[in-house]
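Notes for the one structure printed next.
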Amino acid sequence: MAEQKEMETMEQPEAGQEGTEEKETVPCQEENGQDSPPGTEGENPETGGGEEESPEAGEGEEEPAEGKEGPSSEGQEGQKKGFFKKKEKKNKQEEKIAELTDRVQRQMAEFDNFRKRTEKEKAQMFEVGAKSVIEKILPVVDNFERGLSAVPEESKEDPFVQGMDKIYKQLMTELEGLEVKPIEAVGAEFNPEFHNAVMQVESEEYESGFVAQELQKGYMYRESVVRHSMVAVVQ
């Protein structure tokens with residue numbers, strides 16, 4: 001206990017000396033003619049005075065400037081996003097237009113093909129129908145030819161015979177108007193596409209392989225055969 005008291009007594013003068021030193025520093029400044037900096041009186045040395053707080057206030061004033069830069073960058077990003085969205089939307093619209101255009105073109109091509117196919121089918125159906133009618137008329141033509149060929153020479157001037165001959169000629173004229181033509185047979189080379197050989201004969205007038213006699217006349221409707229010619233071919 002005695003040693004502690006002695007230590008305390010020894011420390012007290014040191015604290016006093018420090019106080020004297022602090023007191024002596026103030027007059028030195030006054031003697032040199034240096035005034036204390038404004039705003040230092042009454043300031044708390046621990047906090048550092050009001051001057052240290054003022055920069056903080058200044059920093060607070062700069063925040064609006066930083067805040068202005070923030071929205072501008074966000075606005076630029078927004079503009080970029082809007083630009084890309086518009087571009088993407090435009091690309092989608094162009095793709096949709098191209099898709100619809102391609103679809104319309106395909107449908108038009110299909111319709112054109114359908115129209116051509118329908119016209120071809122109609123023409124084929126018409127030809128089939130015309131052939132069937134012509135095939136039914138041809139036997140009537142054959143009977144006219146047989147009857148007129150059997151008339152003797154002295155009876156050809158008979159009015160009835162002349163009337164029948166006029167009807168026959170009128171019928172053949174109408175058939176020619178429908179593009180129905182007889183097939184050439186006698187003297188022509190045998191062609192299985194047009195001729196139907198039913199017999200072979202000997203002939204000094206025609207060479208072998210040629211048609212020497214026509215037994216039944218054949219007819220064509222436009223480019224197709226309605227009935228083949230029934231012929232006799234030279235051996």
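All heavy atoms count here, side chains included; hydrogens, waters and symmetry mates do not. FYI, the numbering just counts along the sequence from 1.
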Show the nearest heavy-atom pair for residues Met230 and Val198, with the distance to one decimal. CG-CG1, 3.4 Å
Could you tell me which non-hydrogen atom of Arg227 sits nearest to which non-hydrogen atom of Ile183, and how far apart they are? O-CD1, 3.7 Å
How about Val141 and Met172: do any of their side-chain heavy atoms sit closer than 4.5 Å? yes
Give a yes or no on this: more than 12 heavy atoms of other residues, nucleotides or ligands lie within 6.0 Å of atom CD of Gln170. no
Closest non-hydrogen atoms of His195 and Val211, given as atom of the first, atom of the second and distance, are ND1-CG2, 4.0 Å
Carboxylate-amine/guanidinium proximity below 4.0 Å for Glu127 and Lys131: no
Val226-Val128 co-clustered via ILVMFWY side chain contacts under 4.5 Å: no
Rounded to the nearest 0.5 angstrom, the NZ-OG1 distance for Lys166 and Thr173 is 13.0 Å
Interatomic spacing from CG in Asn143 to CG in Leu148 - rounded to 0.5 Å: 10.5 Å
Hydrophobic clusters here meaning ILVMFWY residues chained together by side-chain heavy-atom distances under 4.5 Å, can you tell me if Ile167 and Val180 are in one? yes
Closest non-hydrogen contact found for Val225 with Phe194 is CG2-CD2, 3.8 Å
To the closest 0.5 Å, what do you measure between CD (Glu135) and CD1 (Ile137)? 11.0 Å
Flag yes if more than 12 heavy atoms outside Gln93 fall under 6.0 Å of its CD atom; otherwise flag no. yes
Closer than 3.5 angstrom, by distance alone: can the side chain of Ser208 be matched with the main-chain N or O of Gln235 as a donor-acceptor pair? yes
Pairwise side-chain contact, Gln216 with Asp142, heavy-atom cut-off 4.5 Å (strictly under): yes
Should Met125 and Tyr221 be regarded as members of a common hydrophobic cluster, given that ILVMFWY residues are connected when their side-chain heavy atoms come within less than 4.5 Å of each other, either directly or indirectly? no
Could you tell me which non-hydrogen atom of His228 sits nearest to which non-hydrogen atom of Glu193, and how far apart they are? NE2-O, 3.1 Å
For a quick test of your reading: what N or O donor-acceptor pairs under 3.5 Å do the side chains of residues 152-162 make, sequence neighbours left out?
| unit_1 | atom_1 | unit_2 | atom_2 | d |
| --- | --- | --- | --- | --- |
| Glu153 | OE2 | Lys156 | NZ | 2.8 |
| Glu157 | OE1 | Gln162 | NE2 | 3.1 |
| Asp158 | OD1 | Phe160 | N | 2.9 |
| Gln162 | NE2 | Glu157 | O | 3.4 |

Connected via hydrophobic side-chain network under 4.5 Å: Leu138 and Leu178: yes
Does CD belonging to Gln124 count more than 12 external heavy atoms closer than 6.0 Å? yes
Indicate the atoms forming the closest heavy-atom contact of Ala212 with Val201, along with that distance. CB-CG2, 3.8 Å
Are any of the side-chain heavy atoms of Tyr219 and Leu175 separated by less than 4.5 Å? no
I want to check something: taking the side chain as every heavy atom from C-beta on, are Glu94 and Asn91 in contact at a cut-off of under 4.5 Å? yes
Under a single-linkage definition using a 4.5 Å side-chain heavy-atom cutoff for Ile, Leu, Val, Met, Phe, Trp and Tyr, are Val186 and Leu215 assigned to the same hydrophobic cluster? no
Got a second to check how far Arg106's CZ is from Glu110's CD, nearest 0.5 Å? 8.0 Å
I need the Glu121 CD to Phe114 CZ distance, nearest 0.5 Å. 8.0 Å
Just how far is it from atom NZ of Lys116 to atom CZ of Phe111, taken to the nearest 0.5 Å? 12.0 Å
